[in-house]
K.L.:
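Take this structure, written in structure tokens, and hold onto it; I'll ask about it next.
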2 protein chains.
Amino acid sequence: MTETLDTRSWRGVHVELLRRIQTKEWLPGAPIPNEADLAIEFGCARTTVNRAMRELAEAGLIDRKRRAGTRVALNPVSRVVLDIPIIRLEVEQRNASWRYTLLERAVCPAPVAISSRLGLDRETAMLHLSGLHFADNKPFLHEDRWINLSAVPGVERVDFSAISANEWLLQNARFTHGDITFSAEVAGESRAGLLSADPAAAIFVVDRITWDQGQAITSVRLSYAPGYDLHSKI
Amino acid sequence: MTETLDTRSWRGVHVELLRRIQTKEWLPGAPIPNEADLAIEFGCARTTVNRAMRELAEAGLIDRKRRAGTRVALNPVSRVVLDIPIIRLEVEQRNASWRYTLLERAVCPAPVAISSRLGLDRETAMLHLSGLHFADNKPFLHEDRWINLSAVPGVERVDFSAISANEWLLQNARFTHGDITFSAEVAGESRAGLLSADPAAAIFVVDRITWDQGQAITSVRLSYAPGYDLHSKI
DNA sequence: AGCTGCATTATGTGTGCACATATTAACGTG
DNA sequence: CACGTTAATATGTGCACACATAATGCAGCT
């Protein structure tokens, strides 16, 4: 029932070019015809071919250079797109009920490892929050967060036992970019206690720092309960 | 020295719209002017505004519906794009020398967990490969792979001690899509031996299955040596 | 009221054209 | 031959226009 797409639409051109690459009709590294020629072949405008090829280039399947032309990419990097939602939604998408508990709230200087990564002075007072997210009343992940007080006005007056920092910040603080790191760690005694897990268990950890222009907003470490996995399509 | 982009170019329009969203000048959930009006405001063609807004929609920052108009996204999902390169390149990007050793090669039926996930009969003979990737002569990751013989013609005759399966398949087998899973596991005795690691160490694991149309190509499990982390920009 | 169908409207896409820009090949000069 | 300059070329972008498509709401009917 796959409606054969007209090769005069950019989607049609896109799938046809994709086919030629995937079937190795056009070999990796080989040059492919220029936009104008393809437009003639498909009986469409150059703009349409351009749109199709732009998508392929974004996906990393072809390399394009002005004047030099377009080639099939030599090392086809698979590009994985992960959507990182609000934790509440992540839990609810698993058909589980979500609950959040604030464990600790303090205004104090952050560990040097944190403050230096954020480019802040080591004595700068920051807001430290520690909390647990539950899925169906079982610990789902531990959120350990430091917030730059001067970058998020009003954050000191928020009641983080009523709303998770994760959610409040995403809705109220603006950010332009961030760094994210995924790793595996042994739980250890303290985390094991929080997550009701074996201290020897392997924990999936996500570290994230977000920025607004050059200014650090927050650094957060999410420690998922054992058994968690993150998956996606390629 | 940031050259102020002309708002008559799509990039200029893009950053201006981005700014209005990030500064909450346009609040989450709020409708934003239609393309035609914005085109007049910016003194450019509607096509140009469309291009800028399409990028924002792809990034998940706005929601667009015909007739209903465009709104600032309510829950701004951060979208992380991970480039998964050939392992050799991943090692070389860390300025380390890469080396690969084939540990095992066998044609035999796969464990049920594997064959069922690939949608194959449990007695189907598959090619099993196990190998180690080294970075500067230290174990970097263990690759444990099952290949569907009938989907990859000629794979039986390849000398996988000369080229890693990872690299050969990416260059020679075609695939249309795949599933990828990231998780954390305790190393255990056997993997610890392979990776010269503590059996109690936490291991970052990537599971990947690739398909060509509906046909399973290969299932691979990458176990990274302790200390590995995967990072990216948001 | 409740339903149907049509007009309206915003986005989605295609076309033909123009010019911009990056890159390479060809050329000419010393 | 080595070099800098120039011309040719493929992609990148912008514009004005047109029509397609999906969603919405209104009008009119029962």
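Chain letters run A, B, ... following the sequence lines, proteins first, then strands; residues in each count from 1.
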K.L.:
Distance check: side-chain N/O of A:Arg64 vs OP1/OP2 of D:dA10, anything under 4.0 Å?
P.N.:
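Negative; the distance criterion is not met.
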K.L.:
Would you please indicate yes or no on a ring centroid separation below 6.0 angstrom for B:Phe140 and B:Tyr224?
P.N.:
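When the ring centroids of B:Tyr224 and B:Phe140 are compared, they turn out to be within the sub-6.0 Å range.
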K.L.:
For B:Asn166, give me all partners under side-chain hydrogen bond (donor to acceptor under 3.5 Å, both in side chains), at least two apart in sequence or on another chain.
P.N.:
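B:Asn166: no side-chain hydrogen bond (donor to acceptor under 3.5 Å, both in side chains) contacts found.
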K.L.:
By a strict heavy-atom criterion of less than 4.0 Å, which residues belonging to residues 30-40 of chain B are in contact with DNA chain C?
P.N.:
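B:Asn34, B:Glu35, in order of number.
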K.L.:
Is it true that A:Asp179 and B:Lys233 make a salt bridge, defined as a side-chain N closer than 4.0 Å to a carboxylate O?
P.N.:
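Here A:Asp179 pairs with B:Lys233 in a salt bridge, since their nearest N and O are under 4.0 Å apart.
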K.L.:
With hydrogens left out and only the distance checked, is there a donor-acceptor pair under 3.5 Å joining B:Arg66's side chain and the base of D:dT21?
P.N.:
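A donor-acceptor contact between them is present.
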K.L.:
So which pairs with a foot in residues 43-77 of chain A pass ring-ring contact (aromatic ring centres under 6.0 Å, His included), sequence neighbours left out?
P.N.:
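Not a single pair qualifies under ring-ring contact (aromatic ring centres under 6.0 Å, His included).
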K.L.:
Between which nucleotides of DNA chain C, 5' to 3', does chain A make heavy-atom contacts below 4.0 Å?
P.N.:
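Both ends considered, the range comes out as C:dT13 to C:dA25.
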K.L.:
Test B:Leu38 against every option in B:Met53, B:Arg46, B:Glu16 by the side chain to side chain contact (heavy atoms under 4.5 Å, CB included) rule and name the one that passes.
P.N.:
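Between B:Leu38 and the candidates, side chain to side chain contact (heavy atoms under 4.5 Å, CB included) is satisfied uniquely by B:Met53.
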K.L.:
Tell me which pairs pass salt bridge (charged side-chain N to carboxylate O under 4.0 Å, His left out) where either residue lies in residues 133-143 of chain A, with sequence neighbours left out.
P.N.:
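Checked against salt bridge (charged side-chain N to carboxylate O under 4.0 Å, His left out) - neighbours excluded - the pairs reaching residues 133-143 of chain A are A:Glu143-A:Arg145.
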K.L.:
How would you list, by chain and number, every residue that makes a ring pair (Phe, Tyr, Trp, His ring centres under 6.0 Å) with A:Tyr100, sequence neighbours excluded?
P.N.:
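So A:Tyr100 forms a ring pair (Phe, Tyr, Trp, His ring centres under 6.0 Å) with A:His133.
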K.L.:
I'd like a table of donor-acceptor pairs (distance under 3.5 Å, sequence neighbours excluded) in which one partner is a side-chain atom from residues 62-70 of chain A, with atom names and distances.
P.N.:
residue, atom, partner, partner atom, Å
A:Arg64, NE, A:Thr70, OG1, 3.3
A:Arg64, NH1, A:Glu35, OE2, 3.3
A:Arg64, NH2, A:Glu35, OE2, 2.7

K.L.:
Check residues 152-164 of chain B and write down every donor-acceptor pair under 3.5 Å in which the side-chain atom is one partner and the other belongs to a residue at least two apart or another chain.
P.N.:
residue, atom, partner, partner atom, Å
B:Asp159, OD1, B:Ser161, N, 3.0
B:Asp159, OD1, B:Ser161, OG, 2.5
B:Asp159, OD2, B:Ser161, OG, 3.4
B:Ser164, OG, B:Glu167, N, 3.1

K.L.:
Can you tell whether the side chains of A:Arg79 and A:Glu58 come within less than 4.0 Å, N to carboxylate O?
P.N.:
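No, this pair does not count.
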K.L.:
Between the protein and nucleotides 17-19 of chain D, are there any N/O to N/O pairs under 3.5 Å, and if so, what are the atom names and distances?
P.N.:
residue, atom, partner, partner atom, Å
D:dA18, N6, B:Arg46, NH2, 3.4

K.L.:
When you measure from the side chain of B:Thr218 to the backbone of B:Trp146, do you find a donor-acceptor pair of N or O atoms at a distance under 3.5 Å?
P.N.:
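The answer is yes, because a donor-acceptor pair under 3.5 Å joins these two groups.
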K.L.:
Five pairs at each end of the helix from C:dA1-D:dT30 to C:dG30-D:dC1: take the axis at both ends and give me the angle between them to 10°.
P.N.:
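Inter-axis angle at the ends, rounded: 0°.
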K.L.:
Which ones in residues 51-62 of chain A lie close to DNA chain D, meaning a heavy atom under 4.0 Å from one of its atoms?
P.N.:
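Those residues: none at all.
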K.L.:
Shortest non-hydrogen contact from A:Trp10 to A:Ala52?
P.N.:
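For A:Trp10 versus A:Ala52, the nearest heavy atoms are O-CB, 3.5 Å.
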K.L.:
Tabulate protein N/O versus nucleotide N/O from nucleotides 25-28 of chain D, keeping only pairs under 3.5 Å, one per line.
P.N.:
none

